[in-house]
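See structure below.
Per chain, numbering begins at 1; letters A, B, ... match sequence-line order. In what follows, every heavy atom counts, from backbone to side chain, and hydrogens, waters and symmetry copies are set aside.
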Amino acid sequence: MSPAASVHSLWTVAAEAPQKIPAPQIEYAQLSPTLIVLGAAVLGILVEAFLPRRARYPAQLLLTTVGLIAAFAAVIALAAGGYGTDKAHVAAMGAVAVDGPALFLQGALLLVSLIAVFTFAERRLDPVAHGRRVDSFAAQAAAVPGGEAEQEAVKAGFTTTEVFPLVLFAVGGMLVFPAANDLLTLFIALEVFSLPLYVLCALARRQRLMSQESAVKYFLLGAFSSAFLLFGVALLYGYAGTVSYAGIADVVNGTTRSVDPALASTTGNDALLLIGGALVLMGLLFKVGAVPFHMWTPDVYQGAPTPVTGFMAAATKVAAFGALLRLLYVVLPGLRWDWRPVMWGVAIVTMVVGAVVAVTQTDVKRLLAYSSIAHAGFLLAGVTAASPDGVSSVLFYLVTYAFVTLGAFAVVTLVRDAGGEATHLSKWAGLGRRSPLVAAVFAVFLLAFAGIPLTSGFAGKFAVFKAAAESGATPLVIVGVLSSAVAAFFYVRVIVLMFFSEPKADGPTVAVPSALTSTAIAVGVALTVVLGVAPQYFLELAGQAGTFVR
Amino acid sequence: MENLIGLLVAAPLLGAAVLLCGGRRLDRSGPWVGTLLAAVSFALAVALFADMLGRSGEERTLTTTVFSWVPVGGFRADVGFQLDQLSMTFVLLITGVGTLIHLYSVGYMEHDERRRRFFGYLNLFLAAMLLLVVAGNYLLLYVGWEGVGLASYLLIGFWQHKPSAATAAKKAFLVNRVGDMGLSIAIMLMFTTFGTFAFGPVLEGAGQAGEGKLTAVGLMLLLAACGKSAQVPLQSWLGDAMEGPTPVSALIHAATMVTAGVYLITRSGALFDAAPTAQTAVVTVGAVTLLFGAIVGCAKDDIKKALAGSTMSQIGYMILAAGLGPVGYVFAIMHLVTHGFFKAGLFLGAGSVMHGMNDEVDMRRYGGLRKYMPVTFVTFGLGYLAIIGFPGLSGFFSKDKIIEAAFAKGGTEGWILGGAALLGAGITAFYMTRVMLMTFFGERRWQPDADGNAPHPHESPKTMTVPMVILAFGSVFAGGLFAVNDTFLKWLEPVTGHAHGNPPVSALTVTAATMVVLVLGVALAWARYGRKPVPVTAPRGSWLTRAARRDLLQDDFNHIVLVRGGEHLTRSLVYVDHTLVDGVVNGTAASVGGLSGRMRRLQNGYARSYAVSMFGGAAVLIAATLLMRAV
């Protein structure tokens, strides 16, 4: 059949079969975490529309907190109901999986988001502007930076309370992302959580130009990568005749029952599969910040308001790795021998570049950005294990990393000078002498990043490397350990800077946060220590949650 | 009675704790507290001794396990004590002489501000030394061994404001570490060979173990003994150790601690008996040291250093005897005890002289002191007669037996060892007569010191003279008491065993020969120091004298071979570290940093280049995937 004829037959076959569209069957209860969050987001929009300005902040904070807690409760209820293990199945007409990894990651995401929302709501750090306490976000996002409109908005004491519904929308998308069980749902979830993030990145109160630049870059590159992903989806559809994970997996394994006659000429064409798979992978690797798709990370992390950076760094990574795991373990296990070497390469390059480039960074937010790239590499090492241990170790690592990251960025918001946050590392010199507690807490997070024993970072890294080594990826583990050694250099360098350098005369001050940020930091420290000293329970939990439904 | 053994150690330990932690409140009463607890320990020792005498020879050993110290898998170490006749002898010597020296120190240290601390250290020493001799296994012995080393270090450097004292303490500590290393290796070897540390199983199993291993253990034990007992080649610290207060020199560096090596070898007798090579090494060390110490003693003008050389030499006799096996063990210990009496007495006498002479130690500035210090003169004189082996006094009995036993070794070896021991006796007579003559006879040679204070020699207070008198009694009668009816031999034989030696010449001949060399030594000393006046500044002397003044060049040897060699080694290691190790480290760091700086430039801030990088990345990703399939 010539190409022209096959295209023709596609049209005619589609036209000749007038289909009755069945009403979709939706298991609302099983999707309740996502629905609660999205519902709260919609309510948030209504709050913005109808409540007076003064009342919006408390209302939004309450609504967001309650929404997230309720969603978390729903996750717990589902897990307790056995949906994580024996009752795991695919809901919503094959679109969304309800299984162990999905519930585990959703629970983690909701907790991370809750803590992140606390840092969003912090209003004690910035100096009081015209008699009103303000947060990290622009008074009026639409006003031109430095323009009159902005000054008026500041004078009027406006705040951007829209961040709360934006966060909720992003969380909603993230909840679906790792649970998505077909490629279209995956793409939609990706867009649903990406778009609010682009907006959030642009909302910094200070250094707005930098913030807006970062948002534009993030948006452009994100759109670029989405295009790749979408193209990959199209090619995979061409290969399998379906976008459902299970369907594609069946074709890959050669166990498919029926082939759409319209697609008969392309079905099973491995070139489509390989190229499409690579492109979809690329879209996900962009989100996790793997090299060479990482270049947005430092710029965006630096420009975005620090609470947003923390949220992004923690939650996006959890969601994107969840989706990556599902794609590799459900759709492409039959292709293991094709994707594993490639992922090895990506993991190695990511670890090395992240660790090496971080060495010369002078800005603490950029430093943490490169550190997040290196950690993405460590996580990829676990992903490539292609074993149940690989899944559970990555799940555990994600949780430990998310809370350490949130806590670290929360500490960054505290260290301030006249220009806002003092993120240049030279200003952190001698911080340990002036504010021993804050410096000590930051040191704990840095040690956890570095993977020092008795911190959660060690337990996570150990689990991931162990899984990788057991799957035969010894060279990967060696590179990982060497990269960790390089990474330890710059983490410890910051500790040395804080504790063993003379404080500068015009150095930054440490703001006293409200209970919100304090809670975020305290939870971070507590989990870092608890997961470091007694990781067994959580490792077992991650182990139980390590099976994907098909 | 077993429980008393623990108390024996606990009493002085309590004293040390109270005195060292007690603070200034105890400054006044401290010396008496320390002395009292030493006396308590002595009383307990006497009670245990009486109890022991109540039982027959074979049943006198008491063993007790206080608690299991390190129970880890197959590794088991107990805190357990063993008190037999050998330990009992030491316990009595340590607590008895120790108590006397505590008493003496009350007077001697009267004007020292830090005397509370001094007594704390002395008590600590007693506790550690007692632990060493009553320990029921080698590991616990090691604890005591290290404990006495610590106490010795603290007491040598007690006057730490003097740089020489601080240096001497460090030197003693370092040299002792070499020996301690030997002991720890020996203990490890024992564990791998016998699977236990306890004296009983180790010594009973000695016959079954291979001779090679036993030789290794024996040599390591000998190294330990050399360190602690100042035997060649680890003798260099003892002379400098005289920087410590004189009671310390008397107690630790004459009567008790330095004899720990003899104890160790005697206690491990069964091991040495099964390792003839190690025994040969032991007798060689003993013979060399007894001559070495004696020669050094001849040349020293510092009264304490002359006595230190003598100590070295006398311990050489003991080591020699211990190396002779069952023929000599009993005599080694017997000489040890009599030496404990007369050497402690001599040191206390020296201290008494110094006390009356503004702490002057140079014998060339003494002379004619017998008129000013009659008690000191008489007690010192009795100690002197005892050490040279004047017939009827303590040293005569014990030393004579050792010389006899050395000859009894048989063959050429026997003649060499016996000859060395005999020669040593002559030199001993020479240098001790020299000390005696220069100190108590001749003309008064003391002069005002730099500040114009002329010494006013006077007799020391009662607290000092009473111990001296008691020790003098010991110096005179102990040997006789031990020798009559072979009392000491019968007492110790169940533990150490005894074999009667057959010297190639009759015992009487040996005694006669000893008397001849004794007279020769005394006469020579009289000719040189009694008849002629002693010059206040030392004459240049022969090469041997000059070498002996420098401790037979031992420090020079150590300096050239060990210190310089060590310095060269460290310097080359530092060089390797700087160039090679640091070079690799710094090179790695620099290359990572350089790489980082270059890769950083890729991050130029332009979204377009980021997009290109992504595009290129995607292309590579696809290409790689396809390639994987193709391969």
Side-chain angles (χ1 to χ4, degrees), chain A residues 213-214 216-221 223-225 228 231-232 270-271 273-279 281-283 285-286 290-299 335 337-346 349 352-362 366 369-370 482-483 485-486 489-490, chain B residues 69-75 77 570-631:
Chain A
E213 181 191 330
S214 80
V216 170
K217 274 183 192 167
Y218 192 17
F219 172 66
L220 279 176
L221 298 171
F224 195 49
S225 85
F228 278 103
F231 188 37
D270 276 356
L273 169 67
L274 294 175
I275 298 174
L279 289 175
L281 271 184
M282 191 218 120
L285 290 175
F286 172 85
V291 178
F293 315 108
H294 68 291
M295 299 188 101
W296 60 276
T297 323
D299 292 11
L335 279 185
W337 302 112
D338 295 295
W339 64 257
R340 274 188 73 192
V342 178
M343 291 298 285
W344 270 37
V346 174
V349 178
V352 170
V353 170
V356 167
V357 181
V359 167
T360 45
Q361 297 305 315
T362 53
R366 284 184 86 83
Y370 279 104
L482 290 178
S483 306
V486 174
F489 164 75
F490 57 78
Chain B
W69 181 17
V70 195
V72 185
F75 184 98
T570 50
R571 222 173 289 155
S572 40
L573 283 178
V574 166
Y575 177 77
V576 169
D577 187 52
H578 273 300
T579 51
L580 205 69
V581 179
D582 285 5
V584 170
V585 171
N586 292 337
T588 313
S591 51
V592 167
L595 188 66
S596 174
R598 243 166 287 148
M599 292 208 290
R600 211 182 145 189
R601 262 179 252 154
L602 293 175
Q603 190 79 27
N604 56 13
Y606 293 117
R608 56 175 188 258
S609 14
Y610 296 177
V612 168
S613 127
M614 284 169 62
F615 190 78
V620 171
L621 204 63
I622 291 167
T625 316
L626 291 175
L627 196 68
M628 280 305 140
R629 175 56 65 92
V631 171

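When the heavy atoms of residues 582-597 of chain B are compared with those of chain A, the residues falling under 4.5 Å are B:V592, B:G593, B:L595, B:S596, B:G597, listed by number.
Proximity to chain B is absent for every atom of A:F489, based on heavy atoms less than 4.5 angstrom apart.
Side-chain contact between B:M628 and A:R340 is absent, with no heavy atoms from C-beta onward closer than 4.5 Å. Between B:Q603 and A:D299, some side-chain heavy-atom pair lies under the 4.5 Å cut-off. Side-chain contact between B:T625 and A:I275 is absent, with no heavy atoms from C-beta onward closer than 4.5 Å. For the pair B:L621/A:F293, a side-chain contact is recorded, criterion being any heavy-atom separation below 4.5 Å from C-beta on.
The two residues B:R600 and A:T360 come nearest to each other via the heavy atoms NH1-O, 3.0 Å. Here the shortest heavy-atom pairing between B:G605 and A:E213 reads O-OE2, 4.3 Å. The two atoms that bring A:D270 and B:R629 nearest to each other are OD2-NH1, 2.5 Å, heavy atoms only.
Note that the CG atom of B:L627 and the CG atom of A:L274 stand 11.0 Å from one another [nearest 0.5 Å].
Comparing A:P298, A:G345, A:P292 by how many heavy-atom pairs each has under 4.5 Å with chain B, the most go to A:P292.
Under a cut-off of 6.0 angstrom, the local environment of CZ in A:F219 is sparse, with at most 12 non-hydrogen atoms contributed by other residues, nucleotides or ligands.
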